[in-house]
Amino acid sequence: MSGNLYARFEQVFGANAPRIALRSADGAAALTFGGLARGASRYANALGALGVEPGDRVTVQAEKSVANVLLYLATLKVGAVYQPLNTAYTAAEVAYFVADAQPKLIVCDPARQAEMRALGDRSKVFAVVNLDQEGNGSLATMAATMDDRHETAPRDGDDLAGLLYTSGTTGRSKGAMITHANLESNAGTLVDLWRITPGDTLLHALPIFHVHGLFVALNTAFLSAASTIWLNRFDVRAMIAAMPDATLMMGVPSFYTRLLAEPAFTGDTARNMRLFISGSAPLLADTHKAFQARSGHAILERYGMTETGMIASNPHDGARVPGTVGFALPGVSVRIRGAQPGVLEVTGPNVFKGYWRMPEKTREEFTADRWFITGDVGAIDAEGRVSIVGRARDLIISGGLNVYPKEIEDALDAIPHIGESAVIGVPHPDFGEGVVAVVTARTELPPEAEIIAALSASLARFKVPKRIFEVAELPRNAMGKVQKAELRKRYAATFGSLSIM
Ligand code: AMP
């Protein structure tokens, strides 16, 4: 059988044709699995008419919509490579991705058509078409006129299905080459592990330009024939209104904190829910506990990244331990060489093929025995349970000693006045790096010296932040990750202006 992931979906869609696959949370629209298959065929024929061939990249910077999902499926179906981009990127930023990926086709928002056309002309892109947030636009118009049958292109498992650029907080953003086999094995494993069945209804409010909303959420729903309630963006009231009809939710930690901030969110809201899953950024143990107290559900935290898909997960049955990301997935291995905590390395069928046109970078980020170096610092206990301490590049070395930001952040978060915290290292004339904390206030903060004194009771002196800054909000990206590189820039001159950053 073909290694094309869509060939697997096609079987599921055929066997479940009359059932609802996707419906919008406001009830305005619904699509059956049969409709999904026919729509994917129409879009596949449109891609063909636009000159897209197996192996070609299709760059997509369009809002989340059902039409965009059909485009994703169609791209797989014709054997091309889906390259989604964060909708927040400016045209100047998109120029880099287009020049690097060299797509055959760009799909953008209608408002950007002229800018993208100009960009496309420079980069020899064949065609530029558009889709708006309602799923209308020149591509949708074209697809509507197409035949609803299409022969799925045969592909090897090792062929590319997606090209996903890493967020690139340092250096150039790199295109991670994700194969059909990567996606199929990872989604299959998660369906089994999280017991996703046709009886499930997934509440989907994540963006689909990222691995979480695209591959983890959609691929597992499509493989298992679970039905999906669709929100084009996260809206906490709409989530609460839709949740009684759902059994499964996948979210970033901020979904959970925002739900908790709504008194209308209660155990009754979650009465039909079977499983809440969190990932993409660390879930605070406090959020886990507060959520359990409110809803009766222990959030299942998992860990993964663009290059690897999902790596580890707390168990479906058994203890979901707050502050840990659980065990390596079946078929996936995780290790730390040397002392703990240390950098996590991973191998398995989930691990990507390498960075697009960067053989040097690819070599650097794999070990000699082909394990991928995640860049995350973690610890693995005797049972194999993994905890993440932070990114290796966020590690602070102060006076020659390692400081792991998470330990300090946990100590800060335990202070009742503090809402959230981020701990960074910035240049320091004596210590190389000095520890700085940036915090939000839950209630009025005590004086800085008092917080420092409180931390000194539990932390060794070299770990205690020398300065604590209050901010209204921590800077975060679309997936809720705190932007530490941004904070390091902002506070670079804290200990003098010796910074060369
Ligand atoms: P991305 O490639 O955008 O998905 O980002 C992957 C990174 O997100 C990982 O390398 C981790 O640093 C972080 N991450 C993902 N899930 C978790 C988690 N459950 N806890 C802590 N960090 C996480």
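Each ligand, and each atom within it, is numbered from 1 in the order the structure gives. None of the values given here were measured: they were computed from a predicted structure. Note that these values count all heavy atoms, side chains included, but never hydrogens, waters or copies made by symmetry.
- On a distance-only criterion, Ser280 and ligand 1 share at least one N/O pair closer than 3.5 Å.
- The option with the heavy atom closest to atom 2 (O) of ligand 1, from among Thr306, Ile311, Val211, is Thr306.
- Residue Thr374 has no N or O atom closer than 3.5 Å to an N or O atom of ligand 1.
- Contacts of His212 with ligand 1, taken as heavy-atom pairs under 4.0 Å, are absent altogether.
- Close contacts between ligand 1 and Glu301 involve ligand atoms 18 (C), 19 (N), 20 (N) [criterion: under 4.0 Å to a heavy atom].
- Using 4.0 Å as the threshold, Val325 has a heavy atom nearer than that to some atom of ligand 1.
- Contact annotation: Arg391 has at least one heavy atom less than 4.0 Å from an atom of ligand 1.
- Any N or O atom pair closer than 3.5 Å counts here, and Ser278 shares no such pair with ligand 1.
- The aromatic rings of Phe352 and Phe366 sit parallel, their planes meeting at an angle under 30°, below the 60° perpendicular limit.
- With respect to Arg476 and Glu420, a salt bridge is recorded, a charged nitrogen being found less than 4.0 Å from a carboxylate O.
- Below 30°, between 30° and 60°, or above 60°: for Tyr72 and Phe215 the angle between ring planes is between 30° and 60°, a tilted geometry.
- For Lys361 and Trp356, the positive end is not near the middle of the six-membered ring at less than 6.0 Å and at most 45° from its axis.
- The six-membered or imidazole ring of Trp194 lies away from that of His316, with a centre-to-centre distance of 6.0 Å or more.
- A side-chain donor-acceptor contact under 3.5 Å links Asp200 and Thr247.
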